[in-house]
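Chain letters run A, B, ... following the sequence lines, proteins first, then strands; residues in each count from 1.
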There are 2 protein chains.
Amino acid sequence: MTTRPPEAGPEAGEAALLRTVTSFDRLLGLLRRLSTPDGLSLTAASTLYRLEEFGAHRVSDLAVAEGVTQPGMTQLVSRLERDGLAERRSDPADRRVVAVAITPAGRELVRHRRRARAAKLSELLGDVSAEERAAIELSLRVLERLAAASPPAAVPVPTPTTTEPGTDPAADPGRGT
Amino acid sequence: MTTRPPEAGPEAGEAALLRTVTSFDRLLGLLRRLSTPDGLSLTAASTLYRLEEFGAHRVSDLAVAEGVTQPGMTQLVSRLERDGLAERRSDPADRRVVAVAITPAGRELVRHRRRARAAKLSELLGDVSAEERAAIELSLRVLERLAAASPPAAVPVPTPTTTEPGTDPAADPGRGT
DNA sequence: AGTTTTACATCACCTGCTTATAGAAGTGTC
DNA sequence: GACACTTCTATAAGCAGGTGATGTAAAACT
């Protein structure tokens with residue numbers, strides 16, 4: 001662990017990449033330690049966050065965005081609906097489409113979860129320097145951006161209206177291609 | 001998204017923390033996109049990495065280190081053993097204990113996986129600036145360190161010998177408390 | 001109108017965890 | 001040195017959350 005500046009040689013970057021990959025594969029273990037007892041799986045939480053931030057989505061767009069198959073997302077939406085956290089709305093313009101939207105209860109749970117996990121994360125970051133903390137915050141945002149931009153471009157609702165995202169019950173779930 | 005220096009006010013850190021938590025919960029989706037077809041779950045990969053880097057571990061230590069229950073780890077070890085990637089050795093000093101060690105085939109697979117995922121990650125990081133890339137590398141190492149240090153301190157084998165870690169078949173899997 | 005494509009749901013199945021419990025081996029007590 | 005107690009791993013039963021294959025209805029093409 002030499003304190004190598006980022007502009008080191010190219011093969012040094014190669015070695016660092018291998019280390020980074022290892023750390024990557026260990027992330028799930030860390031996520032498990034942050035677990036909160038709200039009964040929400042990681043995919044469920046991420047989906048709810050998305051619905052809250054960007055408004056209604058069609059099922060297939062959610063599937064791509066979360067990196068699961070369409071049947072998997074259909075089932076997840078069914079679970080969310082059963083628990084009152086999301087709801088299905090039919091699109092009058094295209095009756096094949098289902099628009100999935102978050103419910104007030106879903107919003108409430110998202111708020112609670114965010115706070116609970118923030119507290120846990122804050123505790124976990126107790127011994128971390130401000131510099132490292134800043135690096136974590138930056139890199140997680142970058143990684144999130146990468147996830148959104150990667151393979152088949154899972155672009156959420158383009159929010160064509162000027163309403164608050166996710167608050168418009170008639171938000172157009174048009175596909176994001 | 002102002003380019004705020006890390007020494008900003010305390011309540012600004014609070015808001016950033018909430019964003020960070022959200023990104024955190026989305027990490028699984030990103031991990032799914034990196035998937036390689038080697039049939040290794042994230043926990044399995046992380047466990048193999050650990051065995052490769054730090055040598056033999058007892059089952060319960062692995063369970064703590066990976067954040068799963070002891071029966072869960074017993075089953076994972078059984079799967080690894082069935083696939084020839086790890087093996088159980090009995091500890092003559094304490095016959096309750098099982099020392100789990102990686103096999104040559106396991107090492108081989110770890111090498112392949114690391115390279116395959118490094119290639120995928122490298123591709124994913126194509127548009128990322130060197131600065132952001134350095135932040136990612138740093139933060140992942142910090143997060144890995146945090147995971148290792150958090151709850152009941154899952155310290156691996158102290159490697160009392162001077163042999164290459166993980167290459168000594170008789171590495172003492174003494175508990176790390 | 002007939003074919004093809006798109007969008008979602010359903011089905012059967014599997015992996016990877018969980019909790020509860022059992023069993024075997026070490027440890028401390030008297 | 002027999003007893004209770006603790007520690008370590010394994011087993012059993014069950015559930016959540018995925019997958020791939022397929023069904024069904026609506027839209028789009030020609």
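Under 4.0 angstrom from either OP1 or OP2 of dG16(C) there lies at least one side-chain N or O belonging to R79(B). Close to dC17(C), at under 4.0 Å from its OP1 or OP2, lies a side-chain N or O of R32(A). Between S60(A) and dA7(C) there is no side-chain polar atom (N or O) within less than 4.0 angstrom of OP1 or OP2. For the pair R95(B) and dA24(C), the criterion of a side-chain N or O lying under 4.0 Å from OP1 or OP2 is not met. At dC17(C), one or more side-chain N or O atoms of T43(B) fall inside 4.0 Å of OP1 or OP2 (strictly under the cut-off).
There is a side-chain donor-acceptor pair under 3.5 Å between T43(A) and R32(B). Under 3.5 Å, the side chains of S46(B) and E66(B) contain a donor-acceptor pair of N or O atoms. Of the N and O atoms on the side chains of T22(B) and R117(A), not one donor lies less than 3.5 Å from an acceptor on the other residue.
Rounding to whole angstrom units, CZ of residue R58(B) and P of dG26(C) are separated by 12 Å. R89(A) has its CZ atom 19 Å from the C1' atom of dA7(C), to the nearest Å. Between the CG atom of D91(A) and the P atom of dA7(C) there is a distance of 11 Å, rounded to whole Å. We find that CG of L80(A) is positioned 12 Å from C1' of dG17(D), with the value rounded to whole Å. Distance CG (L40(B)) to C1' (dG16(C)): 13 Å, rounded to an integer number of Å. Distance, E66(A) CD to dT19(D) P: 12 Å, rounded to whole Å. Per the geometry, CZ belonging to R82(B) stands 7 Å off P belonging to dT15(C), to the nearest Å.
No donor-acceptor pair under 3.5 Å is formed between the side chain of S139(A) and the backbone N or O of S139(B). R141(A) places no side-chain N or O within 3.5 Å of a backbone atom of S23(B) that could act as its donor or acceptor partner.
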(request) Any chance you could lay out the salt bridge (Lys or Arg N to Asp or Glu O under 4.0 Å) test for D25(B) and R113(A), step after step, and finish with the verdict? (result) CA-CA 10 Å; D25(B) 277 345; R113(A) 179 182 174 100; 3.0 Å; yes
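Because its NZ or CZ atom is both nearer than 6.0 Å to the ring centre of Y49(B) and within 45° of the ring axis, R114(B) counts as a cation-pi partner of that residue.
A salt bridge links E81(A) to R88(A): one of the charged nitrogens lies within less than 4.0 Å of a carboxylate oxygen.
Taking 3.5 Å as the limit, the base of dT9(D) and the side chain of R96(B) contain no donor-acceptor pair of atoms between them.
Using five terminal pairs a side, the axes of the helix from dA1(C)-dT30(D) to dC30(C)-dG1(D) at its two ends make an angle of 20°, given in steps of 10 degrees.
For D94(B), the side-chain atoms get nearest to dA25(C) when compared with the rest of dA10(D), dG17(D), dA25(C).
Here the straight-line distance linking atom CG of L143(B) with atom CZ of F24(B) works out to 5.0 Å at 0.5 Å rounding.
Near DNA chain C, defined here as any heavy-atom distance below 4.0 Å, the residues from residues 68-78 of chain A are Q70(A), P71(A), T74(A), Q75(A), listed numerically.
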